[in-house]
J.: 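The structure follows.
What's counted below: heavy atoms across the whole structure, side chains too, no hydrogens, waters or symmetry copies.
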Amino acid sequence: MRMVDLIEKKRDGHALTKEEIHFIIEGYTKGDIPDYQMSALAMAIFFRGMNEEETAELTMAMVHSGDTIDLSKIEGIKVDKHSTGGVGDTTTLVLGPLVASVGVPVAKMSGRGLGHTGGTIDKLESVPGFHVEINNDEFIELVNKNKIAVVGQSGNLTPADKKLYALRDVTATVNSIPLIASSIMSKKIAAGADAIVLDVKTGAGAFMKDLNDAKALAKAMVDIGNRVGRKTMAIISDMSQPLGYAIGNALEVKEAIDTLRGEGPEDLQELCLVLGSHMVYLAEKASSLEEARHMLEKAMKDGSALQTFKTFLAAQGGDASVVDDPSKLPQAKYVIELEAKEDGYVSEIVADAVGTAAMWLGAGRATKESTIDLAVGLVLRKKVGDAVKKGESLVTIYSNREQIDDVKQKLYENIRISATPVQAPTLIYDKIS
């Protein structure tokens, strides 16, 4: 086989075979196929696409390019959840303990964040003492004992995807649905899940800003999962404004605690119940989504979800008393209110721009080398559709620097107020199974 022939084949719109795809991924991972030829193939895929079979084979070729995690010693059906990312996306912090509290094993491999706020691990490290440096045997033992544990990502999962993603980033081939879908699903499958629930975001703060693109991506990922033997479902949810109220690491932990009590923001709580119901159903702990939701609502009401969170934090060295006393979480030096300049109704909160303002405070990383300030961030006091009076707080800003004119300006520019009433956006657009 010659790479030039395979580039030509895809350029002309033909499907690549399983053998050809595996030859390409194996050769590229080893360094036998140079970047310039892989760039040409990525561009051919960008314009010509891939069918369902090709996309599934590309996914599995990337899975087999490195290590895979064996979770077979964990009792029960392991269900993973993946979000395509957004601003104030605290769902993992809530979903982990929530679904674990009804007996679904949550063996979560998470990373650190690059962007508006930290990743799941950064957020959890707001809890004094909490750590993810546990070996595989301890990880499995904790999940069997407590139904939940979180570990840092392995260094050699899907090395082909890491190489290909870096290449796509500099060759204008990121926005290809087969390449995005195979990239996401290869990591989830390599991480050992039996079933996968996907939260595909759409709107200003999402990777997929267009609803039809989000649906196409969700369908592609569900097709891959089911084709390779992983029960997979997807939810298309809104990210035109931040999810919940909090944007920032310790602030999001506090919001997760409130939500596990059943006292969280309405949109965050609803999305967690929908995603969680799918996880419980795929884990075969409930015979219907309705029964699964009832189980989760009961766990919030009777305190078992919150207790599971405490047990999980303590098992990984964390100070579980923060659940009852969130003032033990990192605290910012300055708390500043951003006041509305006029009466009206909040018509738009541009999610990605508000996320950038949080990053400027230090809540996220602009580069991999950036240091996160776990205490800082934003808490929205109004959401789209809410009425607001002049002088009322739009946002509470938590900062460790006194001068924040740049942050205030960014927020004023991206939180828009209308003189006439505005309808709140739809939270969940579609479900794909």
J.: Can you name the nearest heavy-atom pair linking I177 to A220, along with the distance?
T.: CG2-CB, 3.8 Å
J.: The test is side-chain hydrogen bond (donor to acceptor under 3.5 Å, both in side chains); show your working for S83 and D89 and say whether it passes.
T.: CA-CA 8 Å; S83 167; D89 188 358; 2.7 Å; yes
J.: Nearest 0.5 Å, what's the CG-CG distance between D319 and L313?
T.: 9.0 Å
J.: Show your working on salt bridge (charged side-chain N to carboxylate O under 4.0 Å, His left out) between K390 and D343 and close with a plain yes or no.
T.: CA-CA 5 Å; K390 183 179 178 180; D343 293 353; over 6 Å; no
J.: Is there a salt bridge (charged side-chain N to carboxylate O under 4.0 Å, His left out) between R230 and D80? Walk through the geometry before answering.
T.: CA-CA 10 Å; R230 306 298 196 281; D80 202 353; over 6 Å; no
J.: Are E392 and K382 within salt-bridge range, i.e. N to O under 4.0 Å?
T.: yes
J.: Is K201 paired with D199 through a side-chain N to carboxylate O contact shorter than 4.0 Å?
T.: yes
J.: Indicate yes or no for a side-chain donor-acceptor contact from K383 to the backbone of P242 under 3.5 Å, with no hydrogens or angles considered.
T.: yes
J.: Counting C-beta onward and ignoring hydrogens, is there a side-chain heavy-atom pair between M208 and T84 closer than 4.5 Å?
T.: no
J.: Nearest heavy-atom pair of V407 and R401: which atoms, and what distance?
T.: CG2-NH2, 3.7 Å
J.: Starting at NZ of K431, measure out to CD1 of I236 and round the result to the nearest 0.5 Å.
T.: 12.0 Å
J.: Between V132 and L124, is the side-chain contact (heavy atoms from CB on, under 4.5 Å) condition met? List the steps.
T.: CA-CA 9 Å; V132 293; L124 286 167; 5.6 Å; no
J.: Give, for atom OG of S176 and atom CZ of R48, the distance between the pair rounded to the nearest 0.5 Å.
T.: 13.5 Å
J.: Taking atom CD of E266 as the centre, report whether more than 12 heavy atoms of other residues, nucleotides or ligands fall under 6.0 Å from it.
T.: no
J.: Hey, does T259 have a side-chain heavy atom less than 4.5 Å from the side chain of P265?
T.: yes
J.: When you measure from the side chain of D267 to the backbone N and O of G244, does any donor-acceptor pair fall under 3.5 Å?
T.: yes
J.: Report the C-alpha separation of D386 and R381 in whole Å, then their side-chain angles, then the decisive distance to 0.1 Å, and conclude whether the salt bridge (charged side-chain N to carboxylate O under 4.0 Å, His left out) test is met.
T.: CA-CA 10 Å; D386 290 348; R381 299 302 175 192; over 6 Å; no
J.: Contact between I372 and E125 at the side-chain level, heavy atoms closer than 4.5 Å - yes or no?
T.: no
J.: Are any side-chain N or O atoms of K123 and backbone N or O atoms of L251, one a donor and one an acceptor, separated by less than 3.5 Å?
T.: no
J.: Please give me the minimum heavy-atom distance between M43 and T171, naming the atom from each residue.
T.: CE-O, 3.4 Å
J.: Take atom NE2 in H294; do more than 12 heavy atoms of anything else shown fall under 6.0 Å from it?
T.: no
J.: Will you find, in the side chains of T92 and K81, an N or O donor that is under 3.5 Å from an N or O acceptor?
T.: yes
J.: Assess whether side-chain contact (heavy atoms from CB on, under 4.5 Å) is satisfied between K408 and I336, documenting all intermediate values.
T.: CA-CA 10 Å; K408 285 183 170 181; I336 302 149; 3.8 Å; yes
J.: When you compare the side chain of F46 with that of L179, does any pair of heavy atoms fall below 4.5 Å?
T.: no
J.: To the nearest 0.5 angstrom, please state how far the CG atom of L411 sits from the CG atom of L338.
T.: 5.5 Å
J.: Would you mind checking if D406 and K410 are paired as a salt bridge, meaning a charged N to carboxylate O distance below 4.0 Å?
T.: no
J.: Begin from the C-alpha positions of T91 and L271 and carry the test side-chain contact (heavy atoms from CB on, under 4.5 Å) through to its verdict.
T.: CA-CA 8 Å; T91 50; L271 183 59; 3.9 Å; yes
J.: Identify whether the distance between the nearest side-chain nitrogen and carboxylate oxygen of R293 and E270 falls below 4.0 Å.
T.: yes
J.: Of all heavy-atom pairs between M221 and L198, which one has the smallest distance, and what is that distance?
T.: CB-CD1, 3.5 Å
J.: To the nearest 0.5 Å, what is the distance between CG (N212) and CG (L217)?
T.: 12.5 Å
J.: Check for a donor-acceptor pair, side chain of D258 on one end and backbone N or O of E263 on the other, with a separation under 3.5 Å.
T.: no
J.: Just to verify, which of L58, I189, V228 counts as forming a side chain to side chain contact (heavy atoms under 4.5 Å, CB included) with V63?
T.: I189
J.: Measure from the side-chain N and O atoms of D122 to the backbone N and O of L374, and report whether any donor-acceptor pair falls under 3.5 Å.
T.: no
J.: Are K187 and S183 close enough that a side-chain donor and a side-chain acceptor fall under 3.5 Å?
T.: yes
J.: Using a distance-only test with no angle check, is there a side-chain donor-acceptor pair under 3.5 angstrom linking D161 and S186?
T.: no
J.: Indicate yes or no: at least one non-hydrogen side-chain atom of F207 is less than 4.5 angstrom from one of N175.
T.: yes
J.: For K298 and D302, what are the C-alpha separation, side-chain angles and deciding distance, and is it a salt bridge (charged side-chain N to carboxylate O under 4.0 Å, His left out)?
T.: CA-CA 6 Å; K298 182 173 178 291; D302 67 18; 3.5 Å; yes
J.: So do D352 and M239 actually touch side chain to side chain, heavy atoms under 4.5 Å?
T.: no
J.: Short question: side chain of K78, backbone of L71 - any donor-acceptor pair under 3.5 Å?
T.: yes
J.: Checking the side chain of N414 only, and the main-chain atoms of V354 only, is there a donor and an acceptor separated by less than 3.5 Å?
T.: no
J.: Would you indicate whether the side-chain heavy atoms of V94 and L260 approach each other to under 4.5 Å?
T.: yes
J.: What closest approach, in Å, do G76 and P105 show between heavy atoms, and which atom pair accounts for it?
T.: C-CG, 4.2 Å
J.: For the pair Q241 (side chain) and V384 (backbone), establish whether a donor and an acceptor sit closer than 3.5 Å, ignoring hydrogens and angles.
T.: yes
J.: Given the rule in the side-chain contact (heavy atoms from CB on, under 4.5 Å) test, do K215 and K219 qualify, once you have shown the distances and angles that lead to the verdict?
T.: CA-CA 6 Å; K215 286 182 180 180; K219 184 178 183 308; over 6 Å; no
J.: Can you find a pair of side-chain heavy atoms, one from K147 and one from F312, that are under 4.5 Å apart?
T.: no
J.: If only atom types and distance count, is the side chain of D325 paired as donor or acceptor with the main-chain N or O of S321 below 3.5 Å?
T.: no
J.: Tell me the closest heavy-atom pair linking V274 and I235, and the distance in Å.
T.: CG1-CD1, 3.7 Å
J.: To the nearest 0.5 Å, what is the distance between OG1 on T90 and CD on Q269?
T.: 13.0 Å
J.: Spell out, as yes or no, whether a donor-acceptor pair under 3.5 Å connects the side chain of D373 to the backbone of A332.
T.: no
J.: For K254, is the NZ atom crowded, meaning more than 12 foreign heavy atoms sit under 6.0 Å from it?
T.: no
